[in-house]
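Side chains included, hydrogens not; waters and symmetry mates left out as well; all remaining heavy atoms used. Throughout, numbering of the chain's residues begins at 1 and tracks the sequence.
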Amino acid sequence: MVGIGSNLFSTLLLLLLLFLSTPPSILNFRCASLNATSSSLVDYVSPNATTLSAIQTLFTLPNLTSILAANNLALSTPSTHLISSKQIIKIHFPCICTNGNGTSNGLSSCTIVGGDGLYHISAEVFSGLVNVKQIQAGKGISNPDLIIEGQNFLIPLPCSCYDVDGQKVVHYGHLVPAGSLVEGISQQFNTSQDTLLRLNNLTRPTEFMAGSILDVPLRACSSMINNNSMDYPLLVPNDTYELTADNCVVCKCDAALQRMLQCVPSGSCPLDLVRCEGPENLYIGNTTSSGCNRTTCVYAGYNEQTILTMLALDSTCG
């Protein structure tokens with residue numbers, strides 16, 4: 001009896017460990033138009049204590065700023081900033097539509113080192129953001145057991161490239177916390193339950209589990225950016241910011257400020273480049289008032305020669 005009980009306990013323990021180590025499931029990321037591109041976010045759970053610099057290297061991000069902006073960390077945050085084990089960090093990356101599915105556009109490459117296997121890379125290094133089959137399909141690896149040290153391949157992060165309900169959005173791969181309900185997630189991210197279910201090809205709210213990666217459409221702040229600007233459309237969702245205009249301007253989205261994009265000079269460029277024309281001598285983000293009239297110098301985009309600005313007028317009375 002002791003032997004049977006011991007074996008049963010060992011079996012249950014093994015099943016529990018397998019369950020706890022199961023990587024998150026990716027529900028349904030897709031796109032409609034071939035070669036369509038967009039800006040995306042995805043949750044990454046660091047398997048070990050690490051630094052922002054190491055995460056930047058892992059996802060081959062061109063600069064640290066994209067991590068800082070996506071996680072609303074101060075621009076002065078150093079690359080050595082510590083990230084604890086199991087902490088969630090949002091990764092900001094470009095998405096492109098291929099074969100009806102969205103995938104990261106040219107980022108997140110990985111090089112095989114001694115002892116690596118595709119399962120280890122997918123489930124542990126990248127915390128289940130991609131599975132073995134997706135890595136194989138992206139690189140054309142027919143046998144995951146026949147990979148060699150030094151081999152390099154792309155990690156196709158999940159993303160989507162299409163408008164939702166007629167609006168341009170930032171598709172966010174949200175890691176579902178334990179105990180979450182569709183109603184709570186929809187309220188948290190200002191969308192509807194029906195939209196969440198439809199985007200993720202679900203028929204019932206109970207179909208997704210904790211640890212699933214849910215496609216959540218994030219509404220971006222409104223702006224006055226010209227449609228011929230090089231950064232149009234600049235989609236910045238709530239509680240994030242983005243550097244633009246060759247890093248001369250930083251634009252932040254804050255739902256508490258009427259969901260209007262708030263742009264100011266980054267401090268890295270001459271002020272003459274970010275000034276509005278007019279007698280008020282205002283710079284981007286500056287405001288002046290006269291009676292009931294308020295004038296604000298707003299960011300309107302940029303091209304190869306100049307940063308575009310405009311004066312926005314509104315009334316502060318009744």
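Between Thr77 and Leu64 the shortest side-chain heavy-atom distance does not fall below 4.5 Å. Using a 4.5 Å heavy-atom cutoff, the side chains of Val182 and Leu214 are not in contact. Side chains of Thr50 and Leu58 form no contact here, defined as non-hydrogen atoms less than 4.5 Å apart. Asn72 is listed as a side-chain neighbour of Lys252, based on a closest heavy-atom distance under 4.5 Å. For the pair Arg259 and Asn238, the minimum side-chain heavy-atom distance is below 4.5 Å. Thr195 has its side chain within reach of Pro217: a pair of non-hydrogen atoms, C-beta onward, lies under 4.5 Å apart. With contacts defined as side-chain heavy-atom distances shorter than 4.5 Å, the pair Val249/Val264 does not qualify. A 4.5 Å side-chain heavy-atom check between Asp239 and Lys90 finds every atom pair outside the cut-off.
Of the possible polar contacts, none joining the Ser79 side chain to the Ser53 backbone as a donor-acceptor pair under 3.5 Å is found. Looking at Ser266, its side chain does come within 3.5 Å of a backbone N or O of Asn247 through a donor-acceptor pair. Between the side chain of Thr240 and the backbone N or O of Val236 there is no donor-acceptor pair closer than 3.5 Å. Between the side chain of Asp194 and the main chain of Leu197, no donor-acceptor pair closer than 3.5 Å is present. Asn226 places no side-chain N or O within donor-acceptor distance of the main-chain N or O of Ala300, the cut-off being under 3.5 Å. The backbone N or O of Leu73 sits less than 3.5 Å from a side-chain atom of Tyr241, completing a donor-acceptor pair. Side chain of Asp254 to main chain of Ala256: a donor-acceptor pair is present (N/O by atom type, distance under 3.5 Å, no hydrogens or angles). Checked by atom type and distance alone, the side chain of Asn131 pairs as donor or acceptor with a backbone atom of Gln134 at under 3.5 Å. Checked by atom type and distance alone, the side chain of Thr60 never pairs as donor or acceptor with a backbone atom of Thr57 at under 3.5 Å. Of the possible polar contacts, one joining the Gln262 side chain to the Met260 backbone as a donor-acceptor pair under 3.5 Å is found.
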CA sep, side-chain torsions, deciding dist, call: Leu308, Asn303, side chain to side chain contact (heavy atoms under 4.5 Å, CB included): CA-CA 8 Å; Leu308 309 175; Asn303 54 41; 4.0 Å; yes
Verdict with supporting geometry, Val169 and Leu218, side chain to side chain contact (heavy atoms under 4.5 Å, CB included): CA-CA 5 Å; Val169 298; Leu218 298 182; 5.8 Å; no
Cys95 vs Cys161, disulfide (SG to SG under 2.5 Å): CA-CA, chis, key distance, verdict: CA-CA 7 Å; Cys95 181; Cys161 299; 3.1 Å; no
Audit row: Leu234, Cys251, side chain to side chain contact (heavy atoms under 4.5 Å, CB included) steps and yes/no: CA-CA 9 Å; Leu234 183 60; Cys251 294; 4.1 Å; yes
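One finds the CG atom of Leu199 at 5.0 Å from the CG atom of Asp215 (value rounded to the nearest 0.5 Å). Note: Ile213 CD1 to Cys159 SG = 12.0 Å, rounded to the nearest 0.5 Å. Here CG of Leu61 is found 6.0 Å from CD1 of Ile91. Values are rounded to the nearest 0.5 Å. We find the CD1-OG distance between Ile89 and Ser46 to be 8.0 Å, quoted to the nearest 0.5 Å. Note that CG of Asp246 is 9.5 Å distant from CD of Glu304, once rounded to the nearest 0.5 Å. A distance of 5.5 Å separates CG of Leu261 from OG of Ser223, quoted to the nearest 0.5 Å.
Checked by atom type, the side-chain pair Asp231/Ser229 shows a donor-acceptor distance below 3.5 Å.
Transitive grouping of hydrophobic side chains (ILVMFWY, heavy atoms separated by less than 4.5 Å) brings Leu273 and Tyr302 into a common cluster. Connection of Val130 to Leu118 is established within a shared hydrophobic cluster, with ILVMFWY side chains joined at heavy-atom distances below 4.5 Å, either directly or through further cluster members. The hydrophobic cluster containing Val250 does not contain Leu271, counting ILVMFWY residues as joined when their side-chain heavy atoms lie under 4.5 angstrom apart, directly or transitively. Met224 and Leu235 fall into different hydrophobic clusters, defined by Ile, Leu, Val, Met, Phe, Trp and Tyr side-chain heavy atoms under 4.5 Å apart, directly or through other members. Ile88 is connected to Phe93 through a chain of hydrophobic side-chain contacts under 4.5 Å among Ile, Leu, Val, Met, Phe, Trp and Tyr, so both are in one cluster.
Under the side-chain hydrogen bond (donor to acceptor under 3.5 Å, both in side chains) criterion, Glu124 pairs with His120, sequence neighbours left out.
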Contacts table for residues 277-293: side-chain donor-acceptor under 3.5 angstrom, sequence neighbours left out:
residue : atom : partner : partner atom : Å
Asn281  : OD1  : Arg275  : NH1          : 3.4
Asn286  : OD1  : Tyr283  : N            : 3.0
Thr287  : OG1  : Thr296  : OG1          : 3.1

Throw together a table of side-chain donor-acceptor distances under 3.5 angstrom for residues 36-43, partners on residues two or more places apart or in other chains.
residue : atom : partner : partner atom : Å
Ser38   : OG   : Ser160  : O            : 3.1
Ser39   : OG   : His92   : NE2          : 2.4
Asp43   : OD1  : Tyr172  : OH           : 2.8
Asp43   : OD2  : Tyr172  : OH           : 2.9
Asp43   : OD2  : Leu175  : N            : 2.8

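Salt-bridge annotation for Asp165 and Arg198: present, with a side-chain N of the basic residue lying under 4.0 Å from a carboxylate O of the acidic one.
Nearest approach of Leu68 to Ala74, heavy atoms of both residues: CD1-O, 3.7 Å. The heavy-atom pair separating Pro237 from Cys253 by the smallest distance is O-CB, 3.2 Å. Taking every heavy atom of both residues into account, Ser186 and Gln193 meet most closely at OG-CG, 3.5 Å. The two residues Ser268 and Cys248 come nearest to each other via the heavy atoms OG-CA, 4.2 Å. Minimum interatomic distance between Gly301 and Ile225 (heavy atoms only, all atoms of both residues): CA-CG2, 4.1 Å.
Relative ring orientation between Phe59 and Tyr44 is described as perpendicular, the plane-to-plane angle rising above 60° on a 0-90° scale split at 30° and 60°.
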